[in-house]
Asker: 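Just dropping this structure here.
Throughout, numbering of the chain's residues begins at 1 and tracks the sequence.
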Amino acid sequence: MTIAYAPDGTAATKLGDLPTWDLGDLYGGMDAPQLQADLEAASAEAKDFTARYEGKLAGLTGDALAEAIAAYERMQERLGRVGSYAALLYAGDMSDPRIGQFQQNTQERITAITTTLLFFALEINRIEEKDIEAKLASAALARYRPWLRDTRAFRPHQLSDELEKLLHEKHLSGRSAWTRLFDETMARLRFPLDGKDLTSAEILHLLSDKDGRVREKAAKSFGKVMGDNIQVFALLTNTLAKDKEIEDKWRHFPRPPSARNLGNQVEDTVVDALVAAVKEAYPRLSHRYYKLKAKWFGVEVLDYWDRNAPLPDADDRTIAWPEATRTVIDAYKAFSPELAAVGGRFFANRWIDVPVRPGKAPGAFAHPVVPSVHPYLLLNYQGKVRDVMTLAHELGHGVHQILAGPQGYLQADTPLTLAETASVFGEMLTFQALLKSAPDARTRKAMLASKVEDMLNTVVRQIAFYDFEARLHDERRQGELTAARIGEVWLAVQAESLGPALRFGPEYAHYWAYIPHFIHVPFYVYAYAFGDCLVNSLYAVYQAGAPGFQAKYLDMLRAGGTLRHKELLAPFGLDASDPAFWSRGLEMLAGFIAELEGMG
């Protein structure tokens with residue numbers, strides 16, 4: 001796609017004027033004087049802070065400890081602003097070596113400063129529980145009770161100060177370096193198709209093309225290029241899995257997912273119940289749906305490149321950007337004008353980067369940045385219905401992050417298990433609005449099928465990803481895995497989760513290698529299924545006409561990371577620790593499939 005940029009930062013394409021983000025609210029450029037001033041100020045503040053507080057926290061009064069935490073929060077926010085700018089600039093163009101160098105150098109400076117501050121959380125965790133509780137009688141300190149709760153949850157897994165500092169400093173030359181190699185490798189790869197060299201975002205987009213021949217060629221090209229580079233991805237995966245195993249052993253985490261679950265403020269047993277419920281439902285969800293889809297396509301078995309193929313009656317038109325934004329904002333507004341007003345700020349102020357371009361990070365994300373500024377969204381918009389749903393999803397994240405901002409830098413972020421709530425709810429609002437406007441039964445069928453596929457990708461596929469990770473990490477503890485063996489595990493999990501109506505070619509054995517979550521945030525993926533099932537249950541409460549639902553929902557978003565899932569869901573009469581909760585959450589998806597079966 002050739003992109004022409006207007007003076008206001010929009011990209012003129014057949015999709016309309018696609019906005020690019022304006023990072024000026026953070027800094028004016030890589031060499032901005034304010035950026036350097038912030039790093040120097042943070043360094044000086046960190047040294048003063050350490051001199052004032054190191055070795056003295058246990059003896060502080062509650063008010064004095066609150067004052068120390070407030071100062072620590074201000075320093076972290078200043079550093080978060082610098083780090084966010086470097087990360088967003090890098091996401092905008094991973095192929096520019098100057099930006100890559102800037103991002104790395106910035107992270108190294110931030111790491112040096114935060115190493116100085118590492119003592120603070122470690123020392124807080126050495127304070128006895130009874131002494132912390134006595135200090136919490138201070139109203140000023142009580143404000144930080146959620147942060148203290150979450151920090152102290154890691155007490156049993158804390159190492160000595162020297163080891164913690166070593167791990168913190170070596171992160172840049174360890175896991176972070178391997179992650180950067182993955183990102184830059186994926187950004188450089190090009191996938192040939194009909195005389196053009198496409199990015200990963202462009203080639204994967206074609207797996208939803210209306211033309212089956214295009215889907216097949218795109219799928220095989222993607223698989224071949226990933227296969228040609230598979231040894232690099234296998235080395236990355238083996239190294240990071242071993243790195244995790246070593247750290248888990250030193251920190252005494254019982255299972256590979258346990259550290260992630262603790263960070264997500266969710267018990268291993270709750271995640272196990274979710275995974276078990278989804279895997280038990282494979283036959284009545286994914287197996288059942290893909291058998292139905294194969295029937296619609298007049299075949300016994302679908303090739304894997306037809307899994308996300310649009311139905312013959314699907315709405316395959318190109319949706320221009322203005323229509324996409326109007327659709328999403330209108331859906332938000334019908335639910336809550338306040339929600340829509342917050343969402344509208346992203347478009348009015350260019351807090352969003354939309355067009356596909358070489359070097360740009362694939363996929364989509366919402367970066368919370370810091371509460372004193374605002375979040376930024378990244379999309380790779382190509383005008384399909386799924387792109388509209390992605391906009392609804394990421395906008396939900398952004399709205400959530402703004403509403404939670406007043407909780408402050410240390411307590412605004414939600415754990416991953418709750419971070420997907422507003423995004424998936426925003427998708428559901430948009431989908432239901434589109435469904436109501438369907439002009440006929442044929443269009444409704446196509447829209448339902450598309451939604452079912454999105455939900456299967458969010459629930460079944462993400463749990464299958466989690467299962468793949470669990471098997472891979474368990475097996476890696478017995479020794480290094482070959483690329484071929486990783487592919488075998490991948491294919492086995494795919495066959496189990498998607499069912500007998502899908503056929504996988506040999507090149508599909510390499511498709512595991514492009515999933516960034518396996519590299520960036522091991523065991524993240526179940527959070528999508530957690531969020532989808534949670535939202536399905538929430539939406540059922542909303543549909544039932546629960547009084548005051550919108551106000552309770554907005555309060556839930558405003559809580560940020562201050563409340564755990566039990567406290568957040570209690571006002572809606574829901575409990576994620578109840579094994580039946582997950583089965584109820586899956587019923588909406590099963591109901592959509594049943595409706596499609598009834599349509600023939």
Side-chain angles (χ1 to χ4, degrees), residues 146 149-150 260-281 284-285 332 335-336 338-339 392-393 396-397 399-400 403-404 407 411 413-432 451 454-456 458-460 462-463 466 525-592:
R149 173 201 66 197
D150 298 339
R260 177 70 58 204
N261 295 345
L262 184 61
N264 284 346
Q265 302 167 17
V266 63
E267 302 79 9
D268 283 1
T269 52
V270 171
V271 177
D272 290 345
L274 164 65
V275 173
V278 175
K279 291 179 75 171
E280 187 274 331
R284 66 189 179 94
L285 298 179
Y332 275 47
F335 171 74
S336 164
E338 181 179 353
L339 204 68
H393 181 102
H397 279 306
V399 168
H400 192 175
L403 290 175
Q407 298 293 346
Q411 300 184 141
D413 279 355
T414 56
L416 296 179
T417 42
L418 299 169
E420 295 300 328
T421 304
S423 54
V424 178
F425 199 87
E427 277 192 77
M428 183 61 75
L429 290 173
T430 303
F431 168 70
Q432 293 289 356
K451 182 59 177 175
D454 286 344
M455 294 174 78
L456 289 174
T458 302
V459 179
V460 169
Q462 299 302 326
I463 291 301
Y466 176 87
V525 288
Y526 75 78
Y528 291 109
F530 194 110
D532 199 279
C533 289
L534 187 155
V535 164
N536 290 344
S537 296
L538 266 181
Y539 200 83
V541 174
Y542 169 55
Q543 281 188 312
F549 182 92
Q550 283 90 334
K552 292 177 184 177
Y553 176 76
L554 291 174
D555 284 344
M556 179 175 71
L557 301 188
R558 289 190 186 98
T562 61
L563 300 178
R564 296 283 179 90
H565 59 84
K566 280 196 173 187
E567 300 163 308
L568 286 169
L569 293 175
F572 304 97
L574 301 172
D575 181 4
S577 65
D578 178 0
F581 173 85
W582 303 113
S583 296
R584 284 197 301 270
L586 296 170
E587 283 310 307
M588 179 176 288
L589 175 52
F592 285 160

Asker: Would you check if Phe572 and Phe549 make a side-chain contact, meaning some heavy-atom pair closer than 4.5 Å?
Answerer: yes
Asker: How close do Gly426 and Ala392 get, counting heavy atoms only, and between which atoms?
Answerer: O-CB, 3.8 Å
Asker: Can you tell me how far the CG atom of Leu563 sits from the CG atom of Leu418, to the nearest 0.5 Å?
Answerer: 9.5 Å
Asker: Given side chains that start at C-beta, do those of Met455 and Leu586 come closer than 4.5 Å, heavy atoms only?
Answerer: no
Asker: With side chains defined as the heavy atoms from C-beta onward, is the minimum distance between Gln550 and Glu338 less than 4.5 Å?
Answerer: no
Asker: With no hydrogens and no angle check, is any side-chain donor or acceptor of Glu587 less than 3.5 Å from a backbone partner on Arg584?
Answerer: no
Asker: Can you tell me how far CG of Leu274 sits from OG1 of Thr269, rounded to the nearest 0.5 angstrom?
Answerer: 11.5 Å
Asker: If you measure from CG on Asp532 to CE on Met588, what distance do you get to the nearest 0.5 Å?
Answerer: 9.0 Å
Asker: Measure across Ala404 and Gly560 and return the closest heavy-atom pair with its distance rounded to 0.1 Å.
Answerer: CB-CA, 3.6 Å
Asker: Roughly how far, to the nearest 0.5 Å, is the CG atom of Asp150 from the CD atom of Gln411?
Answerer: 8.0 Å
Asker: Quick one about Thr430 and Glu427 (side-chain donor to acceptor, distance below 3.5 Å, no hydrogens or angles considered), yes or no?
Answerer: no
Asker: For residues Val424 and Phe530, determine if any side-chain heavy atom of one lies less than 4.5 Å from a side-chain heavy atom of the other.
Answerer: no
Asker: Would you name the heavy atoms of Trp582 and Leu534 that are closest together and state the gap between them?
Answerer: CZ3-N, 4.4 Å
Asker: Yes or no on side chain to side chain contact (heavy atoms under 4.5 Å, CB included) for Tyr526 and Thr417, after CA distance, side-chain angles and deciding distance?
Answerer: CA-CA 8 Å; Tyr526 75 78; Thr417 42; 3.7 Å; yes
Asker: Is there a side-chain contact between Met428 and Leu538 in this structure, where contact means two heavy atoms from C-beta onward sitting under 4.5 Å apart?
Answerer: no
Asker: So, are Asp555 and Arg558 salt-bridged, with charged N and O less than 4.0 Å apart?
Answerer: yes
Asker: Determine, step by step, whether Glu267 and His565 satisfy the side chain to side chain contact (heavy atoms under 4.5 Å, CB included) criterion, reporting the C-alpha distance in whole Å, the side-chain angles of both residues, the deciding distance to 0.1 Å, and the verdict.
Answerer: CA-CA 11 Å; Glu267 302 79 9; His565 59 84; 3.5 Å; yes
Asker: With a 4.5 Å heavy-atom cut-off, do Leu569 and Asp575 have their side chains touching?
Answerer: no
Asker: List for me each residue that meets ring-ring contact (aromatic ring centres under 6.0 Å, His included) alongside Tyr332, sequence neighbours excluded, and say none if there are none.
Answerer: none
Asker: Got a second to check how far Leu554's CG is from His400's NE2, nearest 0.5 Å?
Answerer: 10.5 Å
Asker: To the closest 0.5 Å, what do you measure between CZ (Arg260) and OH (Tyr466)?
Answerer: 11.0 Å
Asker: Any idea which heavy atoms bring Gly561 and Pro146 closest together, and the distance?
Answerer: O-CB, 4.4 Å
Asker: Checking side chain to side chain contact (heavy atoms under 4.5 Å, CB included) for the pair Tyr539/Leu429: CA distance, chi angles, key distance, verdict?
Answerer: CA-CA 9 Å; Tyr539 200 83; Leu429 290 173; 4.1 Å; yes
Asker: Assess whether side chain to side chain contact (heavy atoms under 4.5 Å, CB included) is satisfied between Leu339 and Leu557, documenting all intermediate values.
Answerer: CA-CA 10 Å; Leu339 204 68; Leu557 301 188; 4.2 Å; yes
Asker: Please name the pair of heavy atoms, one in Val270 and one in Ala576, separated by the smallest distance, quoted to 0.1 Å.
Answerer: CG1-O, 3.8 Å
Asker: At their closest point, which heavy atom of Pro415 faces which heavy atom of Gly263, and how far apart are they?
Answerer: CB-O, 4.1 Å
Asker: With Tyr553, which residues qualify under ring-ring contact (aromatic ring centres under 6.0 Å, His included), at least two apart?
Answerer: Phe335, Phe425
